[in-house]
*Asks:* 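First, the structure itself, so that you have it in front of you.
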Amino acid sequence: MAPSRQSQAPPYAKDERVLCFHGDLMYEAKIMEVVVKPGQKPEDAQYRIHYRGWKASWDDWVSQDRIRKFTDDNKQLASQLQAQARMRTQGPKSGKKGVKANGSEMSSARGSEERAAGSSSFGGRGPRRGRDYELENEDAFHARPSIKLIIPDILKAMLVDDWENVTKNNQLVPLPHPHPVSKILEDYAAYEVPKRAAGSSHVDILEETLAGLKEYFDKSLGRILLYRFERAQYADIHQKWMSEDPDYQGKTASDSYGPEHLMRLLVSLPELVAQTNMDQQSVNRLREELVKFCTWLSKNTEKYFVSHYESPTQDYIQRAKD
């Protein structure tokens with residue numbers, strides 16, 4: 001008689017040497033713990049993974065779909081993925097100014113008529129180890145970090161509509177936004193933090209990512225996230241931030257602008273991150289956090305994005321053209 005499904009063991013065991021996907025790449029890892037909750041099938045087990053050569057703060061809980069057996073075939077696949085990543089990262093070095101080799105698929109379509117990517121300060125975790133994993137060779141150490149952010153289709157549509165509303169229809173996102181970036185990030189934290197173990201590194205990484213996103217948005221909005229037609233509007237609200245008006249005093253971009261402009265930052269991050277000193281591990285972790293955030297935001301577009309842009313006065317249109 002065949003054993004029942006409940007008596008079957010999970011496909012991977014504690015202390016087993018495996019390969020595990022982290023982003024688009026596979027790394028050597030060790031299974032530190034296996035958890036099957038009561039009533040769960042063995043294939044639904046959760047595995048605590050420790051990546052070889054990585055700090056314990058990068059330990060991760062994963063499902064079996066991210067794990068592969070440590071076989072010669074899978075090691076060869078991991079090597080191929082590393083090689084492909086290096087090719088994408090290095091890319092052609094003689095490209096023309098403005099060509100975006102490593103950006104997300106929306107980044108080139110969203111290229112502003114006047115944006116120029118400045119230097120980035122998105123926080124990293126310091127220099128990477130010389131060898132994170134035995135299948136990764138020395139070239140990967142010197143390669144610039146690459147982040148390919150997958151944007152949900154509904155957010156891509158929002159970006160296109162936003163571009164048309166501002167640059168073609170001469171309309172503006174109303175300010176202050178009813179759902180500012182700071183509130184969106186707070187709402188996401190309230191949604192995501194309870195899903196993670198209290199006091200764990202996963203909570204720390206989430207909070208670090210959201211704090212960095214907010215700070216980076218505040219610093220970059222006026223420099224790289226505006227279309228020419230929006231600059232007069234920005235000048236007006238910036239003046240209010242500097243005034244003694246209690247409704248605006250001390251406010252920042254993240255308190256006044258909403259998800260429309262936040263999305264412009266997110267699709268610009270691939271090329272901006274490439275200018276930082278972030279190591280690839282930090283970039284991969286950042287990408288995972290941003291993908292989760294974008295997925296959540298895509299499910300809440302009706303709540304956070306404005307349904308109508310405002311049409312400015314003729315006086316404003318003339319100022320914007322000057």
Side-chain angles (χ1 to χ4, degrees), residues 110 112-123 155 158-159 161-191 206-269 272 290 293-294 296-297 300-322:
R110 289 275 326 144
S112 166
E113 66 273 9
E114 57 186 327
R115 270 186 233 160
S119 61
S120 169
S121 61
F122 213 105
L155 295 182
M158 292 288 186
L159 283 163
D161 290 343
D162 174 58
W163 175 78
E164 290 184 346
N165 286 333
V166 178
T167 65
K168 302 298 183 183
N169 302 336
N170 287 344
Q171 294 180 307
L172 298 169
V173 176
L175 299 180
H177 199 286
H179 302 288
V181 168
S182 57
K183 183 62 169 64
I184 292 173
L185 297 180
E186 288 176 6
D187 288 354
Y188 177 66
Y191 163 82
L206 171 65
E207 293 176 347
E208 180 182 324
T209 299
L210 296 183
L213 199 58
K214 181 178 184 296
E215 181 179 0
Y216 204 85
F217 183 83
D218 285 335
K219 292 183 176 180
S220 64
L221 180 112
R223 299 176 182 177
I224 63 174
L225 300 182
L226 297 175
Y227 293 113
R228 179 177 302 172
F229 189 71
E230 297 174 304
R231 292 199 172 277
Q233 182 191 37
Y234 175 74
D236 291 341
I237 197 163
H238 188 275
Q239 187 175 15
K240 292 180 179 180
W241 295 337
M242 300 297 106
S243 72
E244 297 182 359
D245 186 335
D247 292 333
Y248 291 94
Q249 187 179 27
K251 299 287 186 180
T252 65
S254 58
D255 298 315
S256 303
Y257 286 79
E260 296 80 7
H261 291 81
L262 178 60
M263 285 308 306
R264 301 183 196 177
L265 172 61
L266 290 173
V267 298
S268 299
L269 278 180
L272 299 179
L290 294 179
F293 173 73
C294 287
W296 172 83
L297 186 60
N300 293 276
T301 54
E302 292 186 3
K303 178 178 180 180
Y304 293 116
F305 286 77
V306 295
S307 56
H308 300 287
Y309 284 52
E310 62 182 17
S311 297
T313 63
Q314 285 299 317
D315 177 63
Y316 177 92
I317 295 175
Q318 187 60 46
R319 287 171 55 206
K321 291 180 179 179
D322 292 340

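Keep in mind it's a predicted model, so treat the numbers as computed, not measured.
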*Asks:* Would you call Pro312 and Ile317 a side-chain contact if the rule is heavy atoms closer than 4.5 Å?
*Replies:*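 Yes, at least one pair of side-chain atoms sits under 4.5 Å.
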*Asks:* Can you see which heavy atom on Ser243 is nearest to which on Gln249, and at what distance?
*Replies:*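 Minimum heavy-atom contact is O-CG, 3.3 Å.
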*Asks:* If you compare all heavy atoms of Ser256 against all heavy atoms of Lys251, which two are closest, and at what distance to 0.1 Å?
*Replies:*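 Heavy-atom minimum between the residues: OG-CB, 4.4 Å.
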*Asks:* Let me see the working for Val173 and Tyr309 under side-chain contact (heavy atoms from CB on, under 4.5 Å), right down to the final yes or no.
*Replies:* CA-CA 5 Å; Val173 176; Tyr309 284 52; 3.3 Å; yes
*Asks:* I'd like to know if the side chain of His179 and the backbone of Pro259 have a donor-acceptor N/O pair within less than 3.5 Å.
*Replies:*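 Answer holds: no.
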*Asks:* For a quick test of reading the model, state the closest non-hydrogen atom pair linking Arg231 to Gly222 and the distance between them.
*Replies:*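 Minimum heavy-atom contact is NH1-O, 3.2 Å.
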*Asks:* Rounded to the nearest 0.5 Å, what separation is found between the CZ atom of Phe305 and the CG atom of Leu262?
*Replies:*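 Phe305 atom CZ to Leu262 atom CG measures 7.5 Å (nearest 0.5 Å).
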*Asks:* Supply the atom-to-atom distance Asp162 CG to His261 NE2, rounded to the nearest 0.5 angstrom.
*Replies:*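 Going from the CG atom of Asp162 to the NE2 atom of His261 covers 6.5 Å.
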*Asks:* From Thr252 OG1 over to Asp255 CG, what is the distance, rounded to the nearest 0.5 angstrom?
*Replies:*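 Between Thr252 OG1 and Asp255 CG, I get 4.0 Å after rounding to 0.5 Å.
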*Asks:* Distance check, rounded to the nearest 0.5 Å: Phe293 atom CZ versus Ile184 atom CD1?
*Replies:*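 Phe293 CZ to Ile184 CD1: 6.5 Å, rounded to 0.5 Å.
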*Asks:* Does some side-chain heavy atom of Leu159 sit less than 4.5 Å from a side-chain heavy atom of Leu266?
*Replies:*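 No. Closest side-chain heavy atoms not under 4.5 Å.
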*Asks:* Is Val166 close to Glu260 at the side-chain level, that is, under 4.5 Å between some pair of heavy atoms?
*Replies:*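 No; the side chains remain at least 4.5 Å from each other.
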*Asks:* Mind checking whether Asp315 and Arg319 have side chains closer than 4.5 Å, heavy atoms only?
*Replies:*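 The answer is yes, as the side chains (C-beta and beyond) meet within the 4.5 Å cut-off.
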*Asks:* Is a donor on one side and an acceptor on the other found under 3.5 Å between the side chain of Asp218 and the backbone of Glu215?
*Replies:*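 No; judged by distance alone, with no hydrogens or angles, the pair does not exist.
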*Asks:* Return the CE to CZ distance between Met158 and Arg264, rounded to the nearest 0.5 Å.
*Replies:*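 Result: 14.0 Å between the selected atoms.
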*Asks:* Would Trp163 and Lys168 count as a side-chain contact (heavy atoms from CB on, under 4.5 Å) if you check the C-alpha gap in whole Å, the side-chain angles of each, and the deciding distance to 0.1 Å?
*Replies:* CA-CA 8 Å; Trp163 175 78; Lys168 302 298 183 183; 3.4 Å; yes
*Asks:* Any idea which heavy atoms bring Ser254 and Pro180 closest together, and the distance?
*Replies:*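 So the minimum-distance heavy-atom pair works out to O-CB, 3.4 Å.
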*Asks:* Would you please name every residue forming a ring pair (Phe, Tyr, Trp, His ring centres under 6.0 Å) with His177, sequence neighbours left out?
*Replies:*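 In terms of ring pair (Phe, Tyr, Trp, His ring centres under 6.0 Å), with neighbours along the sequence ignored, His177 is linked to no residue.
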*Asks:* What's the verdict on side-chain contact (heavy atoms from CB on, under 4.5 Å) for Val181 and Lys214, showing C-alpha distance, side-chain angles and the deciding distance?
*Replies:* CA-CA 7 Å; Val181 168; Lys214 181 178 184 296; 5.5 Å; no
*Asks:* Can you tell me which residue pairs pass the salt bridge (charged side-chain N to carboxylate O under 4.0 Å, His left out) test with a partner in residues 238-247, sequence neighbours excluded?
*Replies:*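 The answer is none; no pair qualifies.
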*Asks:* Answer yes or no: is there a side-chain heavy-atom contact under 4.5 Å between Tyr316 and Asn170?
*Replies:*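 They are not in contact (no side-chain heavy atoms under 4.5 Å apart), so the answer is no.
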*Asks:* Looking only at heavy atoms, which two atoms of Lys183 and Asp187 are closest? And how far apart?
*Replies:*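 Residues Lys183 and Asp187, closest heavy atoms: NZ-OD1, 2.6 Å.
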*Asks:* Evaluate the side-chain proximity of Leu213 to Leu265: yes if any heavy-atom separation is below 4.5 Å, no if none is.
*Replies:*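 They are in side-chain contact.
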*Asks:* Distance check, rounded to the nearest 0.5 Å: Glu230 atom CD versus Thr167 atom OG1?
*Replies:*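 Reported to 0.5 Å precision, the distance equals 9.5 Å.
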*Asks:* Is the number of heavy atoms from other residues, nucleotides or ligands under 6.0 Å of Gln239 CD greater than 12?
*Replies:*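 Result for CD/Gln239: open.
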*Asks:* What's the verdict on side-chain contact (heavy atoms from CB on, under 4.5 Å) for Tyr257 and Leu225, showing C-alpha distance, side-chain angles and the deciding distance?
*Replies:* CA-CA 11 Å; Tyr257 286 79; Leu225 300 182; over 6 Å; no
*Asks:* Indicate yes or no: at least one non-hydrogen side-chain atom of Tyr188 is less than 4.5 angstrom from one of Leu210.
*Replies:*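 Yes, close enough: below the 4.5 Å cut-off.
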*Asks:* Would you indicate whether the side-chain heavy atoms of Phe229 and Leu172 approach each other to under 4.5 Å?
*Replies:*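 Answer yes - side chains close enough.
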